[in-house]
Every structure is written in C-alpha cells, then in structure tokens.
Number of protein chains: 2
Amino acid sequence: MQKIVPNISVDCVIFGFDFKQLNVLLVERKLQDEKTGETLIDDWTLTGYHIFEDEDFDTAAARILKGLSGLDNIYLEQFYAFGKVSRVDSPKDNIWLKHQHEGFSSRIVTVGYYSLIDNSTVTLQLQERNVKWFSITDLPELGFDHQEILNKALEKLRSKLRSEPIGFELLPEKFTLSQLQKLYEAILGTTYDRRNFRKKVLQMKYIIPLNEKQKAVKHKPAQLFIFSRDVYERTKRERFDFSI
Amino acid sequence: MQKIVPNISVDCVIFGFDFKQLNVLLVERKLQDEKTGETLIDDWTLTGYHIFEDEDFDTAAARILKGLSGLDNIYLEQFYAFGKVSRVDSPKDNIWLKHQHEGFSSRIVTVGYYSLIDNSTVTLQLQERNVKWFSITDLPELGFDHQEILNKALEKLRSKLRSEPIGFELLPEKFTLSQLQKLYEAILGTTYDRRNFRKKVLQMKYIIPLNEKQKAVKHKPAQLFIFSRDVYERTKRERFDFSI
DNA sequence: CCAAAAGTGTTTAGTATACACCCATGA
DNA sequence: TCATGGGTGTATACTAAACACTTTTGG
C-alpha cells in the first residue's frame with residue numbers, strides 16, 4: 001500500500017457523449033446515521049483521490065479514471081488547480097471526511113483533469129458505490145466544491161474545442177457528420193445549419209471519408225468518417241482572432 | 001509569521017512588453033562555497049514561494065508579484081500545475097534547497113501563474129537579489145524546472161492571446177496601433193501587414209480612438225487608442241474554428 | 001407508404017490577403 | 001532635407017450565412 005500525500009488530490013471530470021448530449025460521470029455520496037438510519041448526506045461527486053507520494057499528477061488522473069471506467073490510454077487534460085482555503089468545508093463535507101477517517105489533511109488542494117471518452121466503450125466498474133452518467137443540462141446536487149470544478153472544466157473544454165480538434169475523442173473511431181455536428185452543438189450549446197456545417201468539415205483534409213456506411217439504422221444510412229490526427233498536425237495553421 | 005505549506009508553492013511568470021519584445025522577469029540564483037569561494041550555482045529562476053496555510057493560490061500569486069514588482073491589481077492567470085515527482089531534484093537544486101534550510105518538503109508541487117504588466121509602470125523591488133528582464137528570445141540558463149514552466153506559460157499565453165483580448169494588459173492605457181501590432185508579432189512570433197492589421201483592428205468597436213496623439217516622437221505622431229473591456233464583453237461573439 | 005435522418009447548391013455578405021506611395025515630425 | 005515611422009485604398013480570393021427539397025432505409 002502506497003502512502004498518500006495528505007493535502008493534494010486529483011479530481012477527474014469524466015465527459016462522455018451519447019450522440020445526443022454531453023454527459024458527466026458522477027458517484028453517489030450517501031451516508032446514513034448508523035443508529036437512527038437518518039440520511040445525513042445524499043448527493044453526487046466527481047471522482048477523485050489523493051495522489052501517492054511517488055506519483056505524478058498525470059499518473060494519478062489515469063489511475064483514477066481507470067478505477068472507474070476500466071479504460072486505459074484515454075484523453076486526459078489538466079484544466080485547473082483548486083486551492084481555496086475552505087473549498088471543502090461545508091457541514092456535509094466535514095461529516096463525510098470524518099466518516100472516511102483516512103488521515104486526510106484539513107486543507108486539501110486538488111488538481112482538476114477532464115477526460116473525454118466514447119460512452120459506448122465504457123463498462124462501469126461498479127464498485128460498492130453507485131455510479132451514473134448525468135447530462136450536463138440536468139445535474140443533481142453536487143458535493144464538495146464539485147459544481148465549481150465542473151463549471152471550470154466545461155469552460156475549458158468549450159474553449160479548447162473551439163480551437164482544437166478534440167471532439168473526436170468523444171466519438172467512436174468511425175463517425176458520421178451528423179454525430180460530429182450534434183457533438184459540437186451539445187458542447188457549445190448552439191446549433192448549426194447542416195449544409196454549412198458539412199461544407200466546412202468536408203474542407204478539412206484530416207476528416208477522411210470511408211467507403212462505408214452506417215448499418216442497421218431505420219433511415220438513410222450515413223457515410224462514415226475517421227479523424228486523422230496525423231494529417232491535422234501536418235496541415236494546421238494558426239490564426240489570431242479575438243472576435244469582433 | 002505565517003506558517004507555510006511545505007509541499008505546495010506558486011510560481012509567477014511575469015511577462016512585460018517594452019514595445020519591441022516580450023520579456024520575462026527573472027531572479028538570479030547564485031551560491032558560492034563559503035570556504036573556497038567557488039561558484040556552486042549561478043543561474044536564473046522565476047519568482048515563487050510556498051503558499052501560507054490560510055492563503056488561496058490567487059492570493060499567493062498576487063503576494064509574490066507584489067513582492068517583486070510593487071504592483072497591485074495586476075492581470076494574473078493560473079495556467080498549469082506542475083507535479084512531477086522529481087521536478088526539483090537536480091544536484092544544483094538540492095544544493096540550493098539545502099542551503100535555504102527552511103523546512104521545505106522534498107517533493108514540492110507548484111501552481112503556475114503568469115502575469116501581464118506594462119513594463120513602464122514597474123520599479124523593481126530590488127531586494128538583496130539580482131532581478132532582471134530578459135527577452136524570451138534570449139534567455140539565460142534557468143534553474144529548477146523553470147524552463148519547462150516558462151515554456152508552458154508561453155504556450156498558454158499564446159493560445160489565450162489568439163482568442164481573447166488580453167494583450168492590452170501589456171500596454172499602457174493609451175497605445176498606438178503599431179504598438180499593438182508589435183505586441184502580437186512579438187508574442188505570436190509572426191508578422192502582419194500593417195494595412196491589413198489596422199483594417200482588422202479598426203473594425204473592433206472596443207478599440208476606441210482618442211482625440212490625442214503621441215508626443216515627443218521624432219516622426220509623424222500616431223493616434224492613441226484605448227481598449228474598452230466593457231464594450232468587448234457586450235459585443236463579443238464566439239466561433240468554432242479549429243483551423244483547416 | 002410513412003417516419004426519420006442523409007444528402008445536396010446557390011446567392012450574398014463579409015473577411016483575408018497582397019501590395020506601394022505620401023505624410024508629419026524632430027533633428 | 002533627411003530619417004523615421006504613420007497613415008491610407010483597391011482588387012482578388014476565400015469563407016460565412018441563409019435557405020428547401022429530394023433520397024434512402026427500416027418498419
């Protein structure tokens with residue numbers, strides 16, 4: 001058993017996309033009074049854990065993600081460090097931490113990572129706790145300061161999505177242009193004209209059409225595409241454009 | 001005297017612009033053997049310090065910045081947290097840390113902030129140590145992992161500059177369009193056609209011309225402008241544009 | 001044959017790029 | 001009067017935005 005660093009943790013905001021909405025994976029935090037059976041806490045949190053003494057942030061984030069999703073080699077991006085003195089200090093949080101009695105420090109800073117995964121590949125490692133996907137438009141009450149962390153993750157994800165092709169991490173390897181469009185719409189909270197969106201995307205040489213169509217859909221099957229990071233890296237140009 | 005958190009620090013990358021180049025403020029790290037007089041260490045570092053037990057990251061960054069520049073209310077942006085296990089573990093770093101004997105932890109994580117300041121407003125608080133501006137194109141040897149931290153700061157600054165109007169933080173309140181252009185060129189490492197740059201900038205309603213010109217220049221005096229964050233916030237639009 | 005989503009083209013407005021000459025000031 | 005940087009316009013190519021009908025499939 002490795003020793004943990006008592007005052008530093010990593011929290012993972014795990015995003016998934018189900019072709020309709022952007023979802024986030026949350027873990028239920030539930031605690032009942034042992035004698036009275038009264039519910040002391042019942043809310044949801046992101047997944048996080050303390051880092052180990054000989055562990056980098058990136059490694060800790062990958063470990064936490066794997067523990068929950070079973071997945072390796074997933075897109076993970078460090079987006080912000082949270083260090084407010086009383087970021088975890090509500091009555092509920094204190095009850096919870098006391099109940100855990102793992103020798104955590106009273107002041108914990110946390111480094112936030114978000115991960116992007118293709119929903120369809122995940123089989124949740126349902127440990128003893130309740131784990132569920134929630135649409136970012138319909139979230140339950142969150143424990144600790146996790147609402148704030150999630151808000152920041154979303155803000156950073158949106159900003160990165162606008163300037164880099166990271167959306168593909170949320171899709172299967174082969175995807176349709178409508179799926180890609182819905183992804184952008186779901187994350188950026190907007191809508192695009194289908195013809196204009198297709199025109200724009202089809203100009204991008206790194207979105208490559210396959211000789212293959214969707215199967216088993218009850219409508220006209222769409223063409224499938226793959227994203228080539230390789231072509232992207234070789235052809236990208238940079239712009240400056242703080243909008244008017 | 002407040003108690004420090006032994007394993008968490010904040011490092012500030014202080015950027016300044018002198019109308020020619022982007023500069024960064026560094027502090028000399030020099031150590032001589034007390035007996036032989038031999039120079040054990042002579043390199044430069046960013047400014048950083050441990051956080052106090054009852055201090056937020058933002059507050060610590062502002063404190064560190066003020067300690068060096070004397071300035072308050074400066075643009076500060078948290079850009080990344082560095083947590084590699086042996087990020088501060090070279091022979092030089094160990095000699096230095098031993099010499100400081102302040103009870104720091106052997107594993108220190110650091111949260112990086114960059115600040116943008118108008119060079120002309122700074123009077124360096126020259127404490128007992130040597131503090132100097134260096135052009136980012138002509139840097140000395142950096143101690144600890146500060147080259148890596150600086151690289152990341154630059155990367156994040158460039159990316160933010162491309163999509164948000166933060167460059168004005170590096171200029172005096174009243175500036176000319178040529179100064180603005182040189183700023184973008186210096187940070188993004190490129191050049192722009194003067195006519196096209198002016199056309200683009202003059203369309204931006206939040207860059208407001210004044211009835212005022214440069215004085216005491218030995219060429220045709222340029223018109224002065226101010227940036228209005230207020231107008232910017234009211235008129236900005238968002239785009240999605242991972243370049244082709 | 002119906003429902004559902006795929007696929008397609010044109011027009012107009014706006015933005016990006018390339019490029020060269022005259023102007024105002026201080027020394 | 002010279003050196004220095006300020007200020008300006010046009011043509012062409014490209015990109016963005018608005019907008020409606022037909023096609024393919026499974027049920």
Side-chain angles (χ1 to χ4, degrees), chain A residues 17-21 162-163 165 171-172 174-186 188 190-225 235-244, chain B residues 17-21 162-163 165 171-172 174-186 188 190-225 235-244:
Chain A
F17 181 64
D18 59 8
F19 302 133
K20 294 199 188 70
Q21 300 181 100
R162 265 186 256 279
S163 58
L171 291 172
K174 301 175 183 180
F175 54 86
T176 72
L177 296 192
S178 294
Q179 290 167 349
L180 186 64
Q181 182 176 347
K182 285 209 195 79
L183 187 155
Y184 276 84
E185 292 177 338
L188 300 179
T190 179
T191 56
Y192 299 100
D193 174 83
R194 194 159 78 250
R195 278 168 294 188
N196 291 336
F197 185 89
R198 293 172 71 87
K199 236 179 298 170
K200 176 161 184 160
V201 167
L202 289 171
Q203 285 180 305
M204 300 170 177
K205 299 281 163 44
Y206 49 86
I207 296 180
I208 301 169
L210 301 175
N211 286 325
E212 203 179 334
K213 301 195 172 218
Q214 273 185 315
K215 283 182 187 118
V217 286
K218 60 176 187 181
H219 52 74
K220 182 172 175 177
Q223 185 167 25
L224 294 172
F225 292 78
T235 57
K236 72 178 165 185
R237 290 180 293 151
E238 313 255 313
R239 329 195 148 199
F240 113 79
D241 213 43
F242 48 102
S243 313
I244 303 176
Chain B
F17 181 66
D18 60 8
F19 302 134
K20 293 198 188 69
Q21 301 181 98
R162 265 187 255 281
S163 59
L171 292 171
K174 300 174 184 181
F175 54 87
T176 72
L177 296 192
S178 293
Q179 290 168 348
L180 186 64
Q181 182 177 348
K182 286 209 195 79
L183 186 155
Y184 275 85
E185 292 177 341
L188 300 180
T190 179
T191 57
Y192 300 100
D193 175 83
R194 194 159 79 251
R195 279 169 293 190
N196 293 335
F197 185 88
R198 295 173 69 87
K199 236 180 296 171
K200 177 162 184 159
V201 167
L202 289 171
Q203 286 179 306
M204 299 171 177
K205 298 285 164 41
Y206 49 86
I207 296 181
I208 301 169
L210 301 174
N211 285 325
E212 204 179 334
K213 300 194 173 216
Q214 272 184 315
K215 283 181 187 120
V217 285
K218 62 176 187 185
H219 52 75
K220 181 172 175 179
Q223 185 168 24
L224 295 172
F225 292 78
T235 57
K236 71 178 165 184
R237 290 179 293 150
E238 314 256 317
R239 326 196 151 199
F240 112 78
D241 214 41
F242 48 102
S243 313
I244 303 177

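We name chains A, B, ... by the order of the sequence lines, and we start the count at 1 in each one. Just so you know, these numbers come straight off a predicted model, no measurement behind them.
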Residues in ring-ring contact (aromatic ring centres under 6.0 Å, His included) contact with B:Tyr184, at least two apart in sequence or another chain: A:Phe240, A:Phe242
D:dT15 OP1/OP2 closer than 4.0 Å to side-chain N/O of A:Gln203: yes
Interatomic distance, B:Gln181 CD vs D:dG6 C1' [rounded to whole Å]: 12 Å
Spacing of A:Phe197 atom CZ relative to D:dA18 atom P, expressed in whole Å: 16 Å
Whole angstrom value for the distance that separates C1' of C:dG14 from NZ of B:Lys200: 13 Å
Interatomic distance, A:Arg198 CZ vs D:dA17 P [rounded to whole Å]: 18 Å
Distance, rounded to the nearest Å, where B:Glu238 contributes CD and D:dA16 contributes P: 16 Å
Protein proximity profile, nucleotides 19-27 of chain C - base contact B, sugar-phosphate-only contact S, no contact -, cut-off 4.0 Å on heavy atoms: BB--BBBS-
Presence of A:Ser178 side-chain N/O under 4.0 Å of C:dA5 phosphate oxygens OP1/OP2: no
Whole-Å gap separating C1' (D:dT8) and CD (B:Gln223): 13 Å
Protein-nucleotide distance (A:Phe242, atom CZ; C:dT15, atom C1'), rounded to Å: 15 Å
Atom-to-atom span, CD of A:Gln179 to C1' of C:dA4 - whole angstrom: 15 Å
